[in-house]
Amino acid sequence: MKAAIIESVGKAVVGEVPDPAPGPRDVVVEVAACGLCGTDLHILQGEFAPTLPVVPGHEFAGEVVALGSDVRTLAVGDRVAVDPSLHCHECRCCRDGRGNLCERWAAIGVTTAGGAAQYAVAPAANCVRLPDHVRTQDAALIEPLSCAVRGYDVLRSRLGAHVLIYGSGTMGLMMLELAKRTGAASVDVVDLNADRLATAQRLGVSGSAAGADELDRPQGWDVVIDATGNAAAIQDGLERVAKAGTFLQFGVADYATRVKIDPYRIYNQEITITGSMAVLHSYERAAELFAAGLLDPDVFISDRLPLTEYPEALDRFAAGVGRKIVVVP
């Protein structure tokens, strides 16, 4: 079958790989669409994936075409979205209900072959059936939405909070939509990319600007969310948190990224700094929110490119062009 392959650091190609076969509790999914994500860029940079080459793609949906011998919950022909999380269920974090922090953390499209291919293998337990009205190609958005839902689980945000989001790419926009629906008094968005900022404005923001100084909240924001992973944005965001506020590191930074904190201010103003890692008990809820119309796929998905153009799609994503880019086998 045809698949995208990150062969080595800095090199992505499209080639032929063996057709996958399901294990006893697995299914084979014929992929309808696979989204690109910042994680894919990190893999290309030599981070996250323990070994290369690997078939990337952890945001995907498609149709079940083969079943493992022990699968009873799905049938051939079912349309599904796939949670890529692979937890060991044995380590301390897994046994404590924190599988996203698994000591042997793994994920489809990161540590094993993913959905940037014609076919992908997934545990049947990781598949969520799609209702009839949801287009299979659009359902690649469910995985990133599940990460955003996890982010809001971590925040435990109060009603009436003033929220500032750094970044209006896919993840920033998803956090915007969740903030609007979780009782935020205001939601402001900061981004240097004017085209992406225009999408945030289209979705409805209280304020938008290239920098937080342009927004009128000198006392700071109750919740500040970084959805960029960029050191300058993170540093600025840490300084914008109001007294008793919370800073959420949601964007994925490079391993080497460093910022400075002010310990006395954190103590004296009771500021919380926290993070959100991937998916945790949030995929099914994200699928339900998606089916209920939380996101408009035609707004969020800016590019639908053939799988054969995967390297070019990565370049386009890395350049900050568009919003969510999906490849279609």
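In this chain, residues are counted from 1 in sequence order.
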Chemist: Please report the interatomic distance CG(L155) to OG1(T272), rounded to the nearest 0.5 Å.
Modeler: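 Nearest 0.5 Å value for the CG-OG1 distance: 10.0 Å.
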Chemist: Could you please spell out the steps behind the side chain to side chain contact (heavy atoms under 4.5 Å, CB included) verdict for C127 and V27?
Modeler: CA-CA 9 Å; C127 297; V27 299; 3.8 Å; yes
Chemist: Side chains of F247 and I266: closer than 4.5 Å at any heavy-atom pair?
Modeler: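 No, too far: nothing below the 4.5 Å cut-off.
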Chemist: Just wondering, do F60 and I108 contact through their side chains at under 4.5 Å, heavy atoms?
Modeler: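 Yes. Closest side-chain heavy atoms under 4.5 Å.
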Chemist: Got a list of side-chain donor-acceptor pairs under 3.5 Å for residues 159-178, not counting sequence neighbours?
Modeler:
unit_1 : atom_1 : unit_2 : atom_2 : d
H162   : ND1    : S186   : OG     : 2.7
H162   : ND1    : R217   : NH2    : 3.2
Y166   : OH     : D236   : OD2    : 2.5
S168   : OG     : D191   : OD2    : 2.8
S168   : OG     : R196   : O      : 3.3
S168   : OG     : L197   : N      : 3.2
T170   : OG1    : K324   : N      : 3.3
E177   : OE1    : K180   : NZ     : 2.6
E177   : OE1    : R181   : NH1    : 3.3

Chemist: Could you check whether any side-chain N or O of R79 sits under 3.5 Å from a backbone N or O of V134, counting only pairs where one atom can act as donor and the other as acceptor?
Modeler: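 Confirmed, R79 side chain pairs with V134 backbone.
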Chemist: Does the pair D303/R316 count as a salt bridge with the N-to-O cut at 4.0 Å?
Modeler: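 Yes, charged N to carboxylate O under 4.0 Å.
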Chemist: Under 3.5 Å, is there a donor-acceptor pair between the side chain of D26 and the main chain of G68?
Modeler: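 Side chain of D26 to backbone of G68: no pair is present.
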Chemist: Whether the side chain of N193 engages the backbone of G320 through a donor-acceptor N/O pair (distance < 3.5 Å, no angle test) should be reported.
Modeler: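 Yes, N193 side chain to G320 backbone: donor-acceptor pair under 3.5 Å.
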Chemist: Would you please test V128 and I142 for side chain to side chain contact (heavy atoms under 4.5 Å, CB included) and show each step?
Modeler: CA-CA 10 Å; V128 175; I142 291 175; over 6 Å; no
Chemist: So how far is it from I325 CD1 to E59 CD, rounded to the nearest 0.5 Å?
Modeler: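 Answer rounded to 0.5 Å: 11.5 Å.
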Chemist: According to a hydrophobic-cluster definition based on side-chain heavy atoms being under 4.5 Å apart (Ile, Leu, Val, Met, Phe, Trp, Tyr only), do Y310 and V326 belong together?
Modeler: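 As far as the 4.5 Å side-chain criterion goes, V326 and Y310 are not connected within one cluster.
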Chemist: Just wondering, are more than 12 heavy atoms of other shown residues or ligands nearer than 6.0 Å to CD in E270?
Modeler: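 No, CD of E270 has 12 or fewer neighbouring heavy atoms, counting only those of other groups under 6.0 Å.
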Chemist: Is any side-chain heavy atom of Q235 closer than 4.5 Å to one of V259?
Modeler: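 Answer yes - side chains close enough.
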Chemist: For the residue pair L52 and E7, establish whether any side-chain heavy-atom pair is separated by less than 4.5 Å.
Modeler: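 No. Closest side-chain heavy atoms not under 4.5 Å.
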Chemist: Please examine the side chains of N100 and S85, heavy atoms only from C-beta on, and report whether any two atoms are closer than 4.5 Å.
Modeler: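 They are not in side-chain contact.
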Chemist: Ignoring hydrogens and angles, tell me if any N or O in the side chain of S276 forms a donor-acceptor pair with the backbone of F250 under 3.5 Å.
Modeler: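 Side chain of S276 to backbone of F250, a donor-acceptor pair under 3.5 Å: no, none is there.
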Chemist: If every non-hydrogen atom of G275 is compared with every non-hydrogen atom of V154, which pair is closest and at what distance?
Modeler: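 Heavy-atom minimum between the residues: O-CG1, 3.6 Å.
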Chemist: Hey, is CZ on R25 packed in by over 12 heavy atoms from elsewhere, all under 6.0 Å?
Modeler: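 At most 12 heavy atoms, drawn from other residues, nucleotides or ligands, come within 6.0 Å of this atom.
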Chemist: Quick one: sort the F48 and H42 rings into parallel, tilted or perpendicular, breaks at 30° and 60°.
Modeler: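 If you compare the ring of F48 with that of H42, the planes turn out parallel.
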Chemist: Heavy-atom distance under 4.5 Å between the side chains of V241 and R265, does that happen here?
Modeler: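 They are in side-chain contact.
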Chemist: Measure the CZ-CG distance between R240 and L238 for me, rounded to the nearest 0.5 Å.
Modeler: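 With rounding to 0.5 Å, CZ (R240) is 11.0 Å from CG (L238).
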Chemist: Which atom names give the shortest non-hydrogen contact between V187 and A179, and what distance separates them?
Modeler: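 Looking at all heavy atoms of both residues, the shortest contact is CG2-CB, 3.8 Å.
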Chemist: Are the charged groups of R285 and D153 less than 4.0 angstrom apart, N to O?
Modeler: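 Salt bridge between R285 and D153, a charged N being under 4.0 Å from a carboxylate O: yes.
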Chemist: For Y255, is the OH atom crowded, meaning more than 12 foreign heavy atoms sit under 6.0 Å from it?
Modeler: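 Enclosed.
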Chemist: Treating T257 as the side-chain partner and D254 as the backbone partner, does any N or O pair qualify as donor plus acceptor under 3.5 Å?
Modeler: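 Pair found, side chain donor or acceptor close to backbone of D254.
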Chemist: Between E284 and E288, is a side chain to side chain contact (heavy atoms under 4.5 Å, CB included) present by the stated rule, with each step listed?
Modeler: CA-CA 6 Å; E284 286 76 9; E288 291 184 355; 5.5 Å; no
Chemist: Look at the side-chain heavy atoms of Ile, Leu, Val, Met, Phe, Trp and Tyr, link any pair under 4.5 Å apart, and say whether Y152 and F290 land in one connected group.
Modeler: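 Both belong to a single hydrophobic cluster.
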Chemist: Are I43 and W105 joined in one hydrophobic group, where the rule is that I, L, V, M, F, W and Y side chains link up if heavy atoms are under 4.5 Å apart?
Modeler: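 In one cluster with I43: W105, yes.
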Chemist: Search all heavy atoms of A49 against all heavy atoms of V54 and return the closest pair with its distance.
Modeler: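 The answer is CB-CG1, 4.4 Å.
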Chemist: If you measure from CG on L289 to CG on L141, what distance do you get to the nearest 0.5 Å?
Modeler: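 One finds 13.0 Å between CG of L289 and CG of L141.
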Chemist: Can you tell me if R323 uses its side chain to pair, donor with acceptor, with the backbone of V299 under 3.5 Å?
Modeler: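 At least one qualifying donor-acceptor pair exists.
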Chemist: For residues L314 and L41, determine if any side-chain heavy atom of one lies less than 4.5 Å from a side-chain heavy atom of the other.
Modeler: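 Contact flag for L314/L41 side chains = yes.
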Chemist: State, with a plain yes or no, whether a side-chain heavy atom of V328 is found less than 4.5 Å away from one of P306.
Modeler: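 When only atoms from C-beta onward are counted, P306 and V328 do not touch, as no gap falls below 4.5 Å.
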Chemist: What pairs of donor and acceptor atoms, side-chain ones from residues 109-123 against any protein atom, are under 3.5 angstrom apart with sequence neighbours left out?
Modeler:
unit_1 : atom_1 : unit_2 : atom_2 : d
T111   : OG1    : A107   : N      : 3.0
T111   : OG1    : A107   : O      : 3.2
Q118   : OE1    : K2     : N      : 2.5

Chemist: For T73 and A124, which heavy atoms make the closest approach, and how far apart are they?
Modeler: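 Residues T73 and A124, closest heavy atoms: OG1-CB, 4.2 Å.
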Chemist: Grab the two heavy atoms, one from I271 and one from A242, that are nearest each other, plus how far apart they are.
Modeler: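 Distance-wise, the nearest heavy atoms are CG1-O, 3.9 Å.
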Chemist: Do N126 side-chain atoms and V82 backbone N/O form a donor-acceptor pair below 3.5 Å?
Modeler: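 No, the answer is negative, given that no donor and acceptor are paired below the 3.5 Å cut-off.
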Chemist: Do you know the tightest heavy-atom contact between P53 and I5?
Modeler: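 Smallest interatomic distance, heavy atoms only, reads CB-CG2, 3.8 Å.
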Chemist: When rounded to the nearest 0.5 angstrom, what is the spacing between CG in L192 and CG in N230?
Modeler: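 Rounded to the nearest 0.5 Å, the CG-CG separation comes to 8.0 Å.
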Chemist: Closer than 3.5 angstrom, by distance alone: can the side chain of H281 be matched with the main-chain N or O of G97 as a donor-acceptor pair?
Modeler: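 Yes.
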Chemist: Passes side chain to side chain contact (heavy atoms under 4.5 Å, CB included), V224 versus E239? Steps please.
Modeler: CA-CA 10 Å; V224 176; E239 296 166 7; over 6 Å; no
Chemist: Is there a continuous path of hydrophobic side-chain contacts, each under 4.5 Å between heavy atoms, that joins L294 to V189?
Modeler: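 As far as the 4.5 Å side-chain criterion goes, V189 and L294 are connected within one cluster.
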Chemist: Would a distance-only check, ignoring hydrogens and angles, find a side-chain to backbone donor-acceptor pair under 3.5 Å from Q249 to G251?
Modeler: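 Yes, the answer is positive, given that a donor and an acceptor are paired below the 3.5 Å cut-off.
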Chemist: If you measure from the Lys or Arg side-chain nitrogens to the Asp or Glu carboxylate oxygens, is any gap between E90 and R104 under 4.0 Å?
Modeler: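 Judged by the 4.0 Å cut-off on N to carboxylate O distance, E90 and R104 do form a salt bridge.
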Chemist: Examine distances only and state if a side-chain atom of D70 and a backbone atom of P24 form a donor-acceptor pair shorter than 3.5 Å.
Modeler: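 Side chain of D70 to backbone of P24: no pair is present.
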Chemist: Do the charged groups of D298 and R135 touch, with an N to O distance under 4.0 Å?
Modeler: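 Judged by the 4.0 Å cut-off on N to carboxylate O distance, D298 and R135 do form a salt bridge.
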Chemist: How long is the straight-line distance from NE2 of H87 back to SG of C94, given to the nearest 0.5 Å?
Modeler: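 One gets 6.0 Å once the value is rounded to the nearest 0.5 Å.
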Chemist: Honestly curious: do L215 and I234 fall in one hydrophobic cluster under the side-chain, below-4.5 Å linking rule?
Modeler: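 Looking at the clustering, I234 is in the same group as L215.
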